[in-house]
Visitor: 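After the structure tokens below, expect a handful of questions from me.
All chains are named by letter (A, B, ...) in the order of the sequence lines, taking the proteins before the strands, and each is independently numbered beginning at 1. If you're wondering where the values come from, they're calculated on a predicted model, not measured in any experiment.
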Amino acid sequence: MKKKTYGGQTSGDKSKEYSPSLIENKWQRKWKSSKLFKTKEDTKKDKYYILDMFPYPSGEGLHVGHPKGYIATDIVSRYRRMSGYSVLHPMGFDAFGLPAENYAIQMKTNPAIAVSQNVKRFKKQLEILGFDYDWSREVNTTDPKYYKWTQWIFLQLLNKGLAYESYEPINWCPSCKTGLANEDVDDGRCERCGTPVEKKPMRQWVLKITDYAGRLLEDLDVKNNDDKPLLDWPESIKEAQRNWIGRSEGAEIKFQISNFKGQKLEKNIKVFTTRPDTIFGVTYLVLAPEHRLVKELLPLVENKKEVEEYVGRAKNETEIERTDAKKEKTGVEMKGIKVINPANREEIPVWIADYVLADYGTGAVMAVPSHDERDWDFAKKFDLPIKQVIAPYFTDNPGSKDAVRDNKKTVKRKTAYALVFDKKNDKFLCLNWEKFGWHSGIIGGVDDGESFKDAALREIKEETGYKNLNLIKKLGGEQHNHFFATHKDENRYAIGHGMLFELVNDEKELVLEEHSLNHKPVWIDMDKMEDWLNLSAFKYMWKAYKSNSDCFTGYGRLLNSEKFDGTESKDVMKEITDFVGGQWVTKYKLRDWVFSRQRYWGEPIPVIHCTNCFAKENKTNAIILHGCPSNVERAMDPKRQTYDKHWIPWTKKQLEIAGIETLVPLMPEPWHMSYEKWKIEFDKLPITENSILIGHSCGSAFLVRWLGETKKKVRMLVLVAPWKINSNNDEFRNKFYTYTIDNEIKDKIKNIFIFTSDDEEDNGKKSVNIFRESLNAKVIELKKHGHYIYGDMKTEEFPELINLISSFSSKVVPVPEKDLPIKLPKVKSYEPTGTGESPLANIDKWVNVKCPKCKGKAKRETNTMPQWAGSSWYYLRYEDPKNKKAFVDTKKDKYWSPVDLYVGGAEHATRHLIYARFWHKFLYDIGIVSTIEPFIKLQNVGLIIGEDGRKMSKRFGNVVNPDEIVEIYGADTLRIYEMFMGPFDQQIAWNTNSMVGSRRFIEKVWRLNNNLKTNRGSTVAGATNGDLAKPTKAFSRPEEGDPYLILIDKTLHKAIKKVTEDIQGLKFNTALSTLMIAVNEMESSGSVTREQFEILLKLLAPFAPYVTEELWSGLGNKKSIHISEWPEYDPSLIVDNEVKIIVQVNGKVRGSFDADPDINEEEMKKKALNLPEVKKWIDGNQIKKVIVVKSKLVSLVV
RNA sequence: GCCCGGGUGGCGAAAUUGGUAUACGCGCAAGACUUAAAAUUUUGUAGCCGUAAGGCUGUGUGGGUUCGAUUCCCACCCCGGGCACCA
């Protein structure tokens, strides 16, 4: 097939043609062999560290959108180098994590192999585009030499208590089969695959990023000495981080539980509120369904079943279902439980509702329906009392005509506000106060002893005559209006109530003249009301009427709040907090960073779990109580006594390997030996507070009963397939229930687990549920095991038990630093297990290690780090990539840090850019980096989308490959086109057709060179336009007074200024348009000196490195243009010696004239008035005013 | 709902201490060169009225401030992004 090429220009002389492929290949090789772009740490020069967000080498290679940011940094980097800086411009690859792993699974290869292939391909693609990366500093997050230090940083975090194991429920993606951080969840779905996430309780490593929440937030706005912000970042990214960190201040207040069936309880419910000023309006409390107290108070609740049902339902809902704000509120009261409002000692009920989030604040809220919309909705639905404690306070801004006047007295008055509706005509009866400009409903003062309603009715009659009305409802509650009443000449403080009336009939009385002096009654259409009303009081009522809600969420004046009545609510928040014994606290939405993934392709977390160390320190032993065999035949089988296929001997062995002494006492079936007899034997066993009890089948039942009766405490109870207790033996079963509930086994043991299978039949599920609820046990469902879990399950199918036990019975021993890196083992099969265990757990050789502390047998941590680990510090490694002793030498860090310009996509706002800042601050705190922030200036690159306006993706078939574009147009054209498309940070659609413009531009430059060469030594420049052709000596300094050459000089020097400023401001599109203008001018002038042409080449060099280098060397320059000096402009050359003055008449441009920039104003005026086109417009008119702006314009008003 | 951006020709866009709106590029139209095409090149290109000179309108919509507004103020509409039952 014939290669596609751009037609381009042709001429008779082939050697004169612009042929990008020849040029570009040549210079790629030359730059490489001369090591032109090797970083030089010249301490005499200023440094400039410029960084790209390193790519994730996917299998698909680069599309034209990817290099956009790299082109930009390349331009800046080349510009800085030419300007005399030591430049660090490195590149590397981020390749751990799900995308690479999934790709490898799909390609049936190992991720390590896939990644190295992809990296090769990426590098090749990048090379073509001519970037000046110093590849000797390349980093790759999957290289053990690199991730050694990622692991090292983890150890430092662990050391400082910032990495910890947690067992709280976390987000779990059932499709990716791994736990996720909060940041990896988007709208309740896995960010990678879109599957709705589930909440799953599991052991996981968590980084305490919340310890840094305050600093991560505050440092976004920290100022330098010059009062400019330290972080020159796009406001949108800062704002996204602020939102994500989500700081709010408020009060933590305790509500005491008052009674249960007459008993006093010594318990509190702590709530968090940002509005302690509303506390007198609390009419109930709400707990999240997962709140600890829900379980604790359950035995005391009257409607236990109802509560249990509700909590169960809430648990089973997905995040998407639960957090749907549009859905109607649900909830259930905990009947019999009351708490006391510490503000007014009122007793109020406690509800459970899923609109309260368990993991924010305290998981409990005080509900103030009158002043919180969510509480309002809830109270309306469940008919709970609503008590107003804040009145909106309306007052006009000082200076306006109705504003309170300091020199007048204020009179307090009760005021009735009425809206009167005539449903026959859909109109409202209103008052038009013409003299005052007020538009209102009916207003009137309330007389002594009169109700608001009566006052309103009286006023309606007096002012409008209508007398037959029905009160429909009150609107908006009490409101306060403070204003100057012109008609009374005094300040009024009106305590008002709004009411809605309906007209019964048209019967009316005569309106006395004294009542109609200031206002006239008018009927206003319903749909005009909103615009018509212009008094705050009525606007407020109208809003309440339209929204059908009296809920007011603003600040205002307190009422029903005892001694705080009348105060401004915003001002007394802290005072009220103190009054109720609360604490002023700061809360963040940011959650700790879930840092473990149950996947293969990540950095192994460098810790070892040693059960031996733990057992030694805690004298742990395990007692396994097996159950009965599944049928009589097996029971009769003599082999069964050995349980050779059963999981028990395997478990025993594994536990002993782990250093846990293990006992398997005799466990006869319940129908063979009585519980009492067995208990006597069992009590003799060395059971301590550190013992682990494992029961299988009916063994579970014995253990539970024994725990119910004994006074002993144990550390852990594991029940495997405990449903045998649901046997036909009713007596036994009943006995069991009694123990579990009455003896509160759950208070003795924190860690109770049940293993069951997900497809067990109903009665099995039933007994598991009984355990779950009565013992507060965590249930682990083993998928696909079916009933085999119960009997002769093969040992290798059941590693979960050992893992669970060791996770609760092992000591975390950090891997000694000298043993780093912990390399990922090479394996054939690395698919995720889905069990909550990493596939690494199955690689015995790798997992089983010597404990570095006790030298006993121990196990490695098998979870790996998330994709975001390696990228959280890579920019530091570039500073010193080969260092074996430290991840970066302190001196080198001091020289290069911080990153001066960081360019990348905005999608990293709340993940990479927060994580990296967190790690950086931590590393600063432990004294190994020198700056508090890693990236001083951040620039977002706008996406290039497909020509069809959709995201470039294989799926849409709209991907444009840069290699093909380079082949047709050349790399320089691609670079210029991408920079010329539009503002750098803006998303723009690709358009291959538009590329010719960029190519033509380069060719013009090329031709300019050809013309110069042709005319070397001659006196005539090769201009294409005969008119402009001008005799000159090419490549010589302009002769004194040569107007053409001076003109080009002026243009060029202005271009130097503009291009320099634009590169600094990353405004590449306008820099290029400036260069285009210059080139156009040079072309049409025809007389260009060598010096001028060289300036142009230098200015263009960062944008089009190949063609400028070619032309530069063609001029005989020996050193590369890219290490030549950046031109400086001559200030005298950028001043215009003639300016155009604009003349306006009545604001419209009517003419212009050229003048000296120093022309004085009188002169300007005179000249302007003499212009014929201006005269035409002022003839016969009086000139009223003349405005003269120096060296700009004259504006005449006639 | 709250918070950030943004809205300008046929298209990508330029211009903001308030001073000629549409630079630069694409596209389009007509001309030159050519047997022809491509390439190159010249001219034109916001809309409306007009042969023209010229005039009117015009930077999302409606108001306002001003001699003058794409730029400042108020209200609204639309698009993009972030957060969201966060108490």
Visitor: Please classify the nucleic acid contact of A:Asp377 as base, sugar-phosphate, or nothing, using heavy-atom distances under 4.0 Å.
Guide: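 The answer is nothing, as A:Asp377 stays clear of every strand by at least 4.0 Å.
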Visitor: Would A:Lys380 and A:Glu328 pass as an ion pair if we require N to O under 4.0 Å?
Guide: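 Not counted as a salt bridge, because no side-chain N and carboxylate O are separated by less than 4.0 Å.
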Visitor: Starting from P on B:rA21, measure out to CG on A:Leu1193 and report it in whole angstrom.
Guide: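 These atoms are roughly 11 Å apart.
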Visitor: Using atom P of each nucleotide, how far apart are B:rA69 and B:rC3 to the nearest Å?
Guide: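 30 Å, rounded to whole Å.
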Visitor: Given B:rA84, B:rA87, B:rG12, identify the nucleotide with an atom nearest to the side chain of A:Lys589.
Guide: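 Nearest to the side chain of A:Lys589 among the choices is B:rA84.
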Visitor: Please answer whether the main-chain N or O of A:Val368 pairs with a side-chain N or O of A:Thr278 as donor and acceptor at a distance below 3.5 Å.
Guide: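 Such a contact is absent between A:Thr278 side chain and A:Val368 backbone.
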Visitor: Would you mind classifying the nucleic acid contact of A:Pro234 as base, sugar-phosphate or nothing, using non-hydrogen atoms under 4.0 angstrom?
Guide: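 A:Pro234: no heavy atom of the nucleic acid under 4.0 Å.
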Visitor: Considering only atom C1', compute the distance from B:rC56 to B:rC4 and round it to an integer number of Å.
Guide: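 Between the two C1' atoms, the distance is 40 Å.
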Visitor: A cation-pi test, strictly: NZ or CZ of A:Lys68 under 6.0 Å from the centre of the six-membered ring of A:Phe984 and no more than 45 degrees from its axis. Yes or no?
Guide: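 Here A:Lys68 passes the 6.0 Å and 45° test against A:Phe984.
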Visitor: Indicate yes or no: does A:Lys270 engage A:Glu252 in a salt bridge with an N to O separation below 4.0 Å.
Guide: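 Yes, charged N to carboxylate O under 4.0 Å.
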Visitor: Any side-chain N or O of A:Arg1000 less than 4.0 Å from the OP1 or OP2 oxygen of B:rA39?
Guide: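 No.
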Visitor: In the strands shown, is B:rC72 matched to any nucleotide by a Watson-Crick or G-U wobble pair with both distances under 3.5 Å, and which?
Guide: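 Per the H-bond distance test, B:rG64.
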Visitor: Classify the nucleic acid contact of A:Ser1152 as base, sugar-phosphate or nothing, counting any heavy atom under 4.0 Å across all strands shown.
Guide: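 No contact.
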Visitor: Does A:Asn993 put a side-chain nitrogen or oxygen below 4.0 Å from OP1 or OP2 of B:rG27?
Guide: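 It does not, given that no N or O in the side chain of A:Asn993 lies less than 4.0 Å from OP1 or OP2 of B:rG27.
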Visitor: So, A:Arg313 and A:Asp354, do they make that salt bridge, N to O below 4.0 Å?
Guide: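 No.
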Visitor: Just to be sure I understand the rule, does A:Lys1140 reach a base, reach only the sugar-phosphate, or reach nothing, if contact means heavy atoms closer than 4.0 Å?
Guide: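 Base contact - A:Lys1140 has a heavy atom under 4.0 Å of at least one base atom.
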Visitor: Using atom NZ of A:Lys1067 as one end and atom P of B:rU16 as the other, report the distance to the nearest whole Å.
Guide: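 A:Lys1067 atom NZ is separated from B:rU16 atom P by 8 Å.
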Visitor: Touch check for A:Val368, heavy atoms < 4.0 angstrom, all strands: base, sugar-phosphate only, or nothing?
Guide: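 Since no nucleic acid heavy atom lies under 4.0 Å of A:Val368, the category is nothing.
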Visitor: Heavy atoms under 4.0 Å, any strand shown: does A:Ser248 hit a base, just sugar-phosphate, or nothing?
Guide: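 Here A:Ser248 touches the backbone only, sparing every base.
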Visitor: Nearest-Å distance, CZ (A:Phe272) to P (B:rC85)?
Guide: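 In whole Å, B:rC85 P lies 16 Å from A:Phe272 CZ.
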Visitor: Provide the distance between the two C1' atoms, one in B:rC73 and one in B:rG82, to the nearest whole Å.
Guide: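 Those two atoms are separated by 27 Å.
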Visitor: Is the closest basic N to carboxylate O distance between A:Lys1058 and A:Glu1061 below 4.0 Å?
Guide: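 Salt bridge flag = no for A:Glu1061 with A:Lys1058.
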Visitor: How close or far is atom P of B:rG12 from atom CD of A:Glu947, stated in whole angstroms?
Guide: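 The answer, rounded to whole Å, is 13 Å.
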Visitor: Does any nucleotide pair with B:rA23 by Watson-Crick or G-U wobble geometry, both distances under 3.5 Å, and what is it?
Guide: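 None - no nucleotide pairs with B:rA23, as no candidate has both distances under 3.5 Å.
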Visitor: Report the base-pairing partner of B:rC56 (Watson-Crick or G-U wobble, both distances below 3.5 angstrom), or none.
Guide: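 Per the H-bond distance test, B:rG47.
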Visitor: For a quick test of reading the model: is some side-chain N or O of A:Arg1150 closer than 4.0 Å to OP1 or OP2 of B:rG55?
Guide: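 True: A:Arg1150 side-chain N/O within range (under 4.0 Å) of B:rG55 OP1/OP2.
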Visitor: Taking atom types as they are modelled, is there a donor-acceptor pair under 3.5 Å from the base of B:rG82 to the side chain of A:Gln241?
Guide: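 When only heavy-atom distances are counted, A:Gln241 does not reach the base of B:rG82 through any donor-acceptor pair under 3.5 Å.
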Visitor: Could you check how far CD of A:Glu249 sits from P of B:rA87, rounded to whole Å?
Guide: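 So the two atoms are 12 Å apart, to the nearest Å.
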Visitor: Nearest to the A:Thr910 side chain among B:rC26, B:rC83, B:rA87, which nucleotide is it?
Guide: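 Closest nucleotide among those given: B:rC83.
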Visitor: Quick one: on RNA chain B, does A:Val1189 or A:Gly363 contact a more 5' nucleotide (nearest heavy atom)?
Guide: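 Its nucleotide being nearer the 5' end, the pick is A:Val1189.
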Visitor: Would you indicate what A:Asn1080 reaches in the nucleic acid, counting non-hydrogen atoms under 4.0 angstrom: base, sugar-phosphate, or nothing?
Guide: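 Sugar-phosphate: the residue A:Asn1080, judged by heavy atoms under 4.0 Å, touches backbone atoms but no base.
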Visitor: Reading RNA chain B from 5' onward, which residue's closest nucleotide shows up sooner: A:Thr1070 or A:Asp354?
Guide: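 By nearest-heavy-atom nucleotide position, the 5'-most residue is A:Thr1070.
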Visitor: Among B:rG19, B:rU57, B:rC4, which nucleotide has an atom closest to any side-chain atom of A:Ser236?
Guide: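 Looking only at heavy atoms from C-beta outward on A:Ser236, the closest nucleotide is B:rC4.
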Visitor: Over all strands shown, is A:Val1149 touching base, sugar-phosphate only, or nothing at heavy-atom distances under 4.0 angstrom?
Guide: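 Sugar-phosphate contact only.
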Visitor: Which of the following nucleotides, B:rA87, B:rG27, B:rU20, is nearest to the side chain of A:Leu357?
Guide: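 Nearest nucleotide to the side chain: B:rA87.
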Visitor: What distance, rounded to whole Å, do you find between the two P atoms, one in B:rG5 and one in B:rC72?
Guide: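 Looking at atom P only, B:rG5 and B:rC72 are 12 Å apart.
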Visitor: Among B:rU41, B:rC26, B:rG25, find the nucleotide with the atom closest to the side chain of A:Glu1083.
Guide: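 Per side-chain heavy atoms of A:Glu1083, the pick is B:rU41.
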Visitor: When the C1' atoms of B:rC77 and B:rA29 are considered, how many whole Å apart are they?
Guide: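 It comes out at 37 Å once rounded to the nearest Å.
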Visitor: Is B:rG25 syn or anti, taking syn as a glycosidic angle within 90° of 0?
Guide: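 Anti for B:rG25; the angle lies over 90° from 0.
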Visitor: On a whole-Å scale, what distance lies between the C1' atoms belonging to B:rU42 and B:rC33?
Guide: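 Per the computed distance, 11 Å lies between those C1' atoms.
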Visitor: Please pick, from B:rG25, B:rG19, B:rA87, the nucleotide with the shortest atom-to-atom distance to any side-chain atom of A:Ile1187.
Guide: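 Among the listed nucleotides, the one closest to the side chain of A:Ile1187 is B:rG19.
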Visitor: Starting from P on B:rC83, measure out to CG on A:Leu217 and report it in whole angstrom.
Guide: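 Answer to the nearest Å: 15 Å.
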Visitor: Over all strands shown, is A:Ile1077 touching base, sugar-phosphate only, or nothing at heavy-atom distances under 4.0 angstrom?
Guide: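 Since only primed, P, OP1 and OP2 atoms lie under 4.0 Å of A:Ile1077, the category is sugar-phosphate.
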Visitor: For B:rC67, does OP1 or OP2 lie under 4.0 Å from any side-chain N or O of A:Lys1185?
Guide: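 For B:rC67, OP1/OP2 do have a side-chain N/O of A:Lys1185 under 4.0 Å.
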Visitor: Between B:rA87, B:rG68, B:rC26, which nucleotide gets closest to the side-chain atoms of A:Gln1144?
Guide: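 Ranking B:rA87, B:rG68, B:rC26 by closest atom to the A:Gln1144 side chain puts B:rG68 first.
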Visitor: Of the options B:rG25, B:rU40, B:rG82, whose atoms approach the side-chain atoms of A:Asn243 most closely?
Guide: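 Selected nucleotide (nearest to the side chain): B:rG82.
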Visitor: Taking the side chain as every heavy atom from C-beta outward, state whether A:Asn958 and A:Trp990 have any pair of such atoms under 4.5 Å apart.
Guide: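 With C-beta onward as the side chain, the pair stays apart.
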Visitor: When you measure from the side chain of A:Trp1177, which nucleotide among B:rC83, B:rC56, B:rA87 comes out closest?
Guide: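 For A:Trp1177, the side-chain atoms sit closest to B:rC56.
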Visitor: When you measure from the side-chain N and O atoms of A:Tyr355 to the phosphate of B:rA87, is any distance below 4.0 Å, counting only OP1 and OP2?
Guide: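 For A:Tyr355, the contact criterion (side-chain N or O under 4.0 Å from OP1 or OP2 of B:rA87) is not met.
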Visitor: If we take the P atom in both B:rA13 and B:rG64, what is their distance in whole Å?
Guide: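 Here B:rA13 and B:rG64 have their P atoms 32 Å from each other.
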Visitor: To the nearest angstrom, how far is A:Asn1069 atom CG from B:rC26 atom P?
Guide: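 A:Asn1069 atom CG is separated from B:rC26 atom P by 15 Å.
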Visitor: Would you kindly check if the NZ (Lys) or CZ (Arg) of A:Arg1007 is within the cone defined by 45 degrees around the ring axis of A:Tyr18 and under 6.0 Å from the six-membered ring centre?
Guide: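 No.
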Visitor: If the threshold is 4.0 Å, N to carboxylate O, is there a salt bridge linking A:Asp359 and A:Arg591?
Guide: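 Yes, A:Asp359 and A:Arg591 are salt-bridged.
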Visitor: Pairing check on B:rA39: which nucleotide meets the Watson-Crick or G-U wobble criteria with it, both distances under 3.5 Å?
Guide: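 Matched B:rA39 with nothing under the 3.5 Å cut-off.
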Visitor: Can you tell me the distance, in whole Å, between the CE atom of A:Met981 and the P atom of B:rC11?
Guide: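 Computing the A:Met981:CE to B:rC11:P distance gives 16 Å.
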Visitor: Check every atom of B:rG82, B:rA87, B:rC56 against the side chain of A:Lys1148 and return the nucleotide holding the closest atom.
Guide: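 Output: B:rC56.
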Visitor: So, under a plain 3.5 Å distance rule, would you say the side chain of A:Ser994 forms a donor-acceptor pair with the base of B:rC26?
Guide: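 For A:Ser994, whose side chain was compared with the base of B:rC26, there is no donor-acceptor pair (under 3.5 Å).
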Visitor: With rounding to the closest Å, how many angstrom separate the P atoms on B:rC76 and B:rG19?
Guide: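 These two P atoms come out 28 Å apart once rounded.
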Visitor: Could you identify the nucleotide paired to B:rG1, looking across every strand shown and requiring Watson-Crick or G-U wobble geometry with both distances under 3.5 Å?
Guide: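 Because both required distances fall under 3.5 Å, B:rG1 counts as paired with B:rC83.
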Visitor: Going by the angle between their ring planes, with limits at 30° and 60°, are A:Phe378 and A:Tyr355 parallel, tilted or perpendicular?
Guide: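 The arrangement is tilted - the two ring planes meet at 30° to 60°.
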Visitor: Check every strand shown and say whether A:Val1197 touches a base, only sugar-phosphate, or nothing at a heavy-atom separation below 4.0 Å.
Guide: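 If one applies the 4.0 Å heavy-atom cut-off, A:Val1197 turns out to touch the sugar-phosphate alone, with no base involved.
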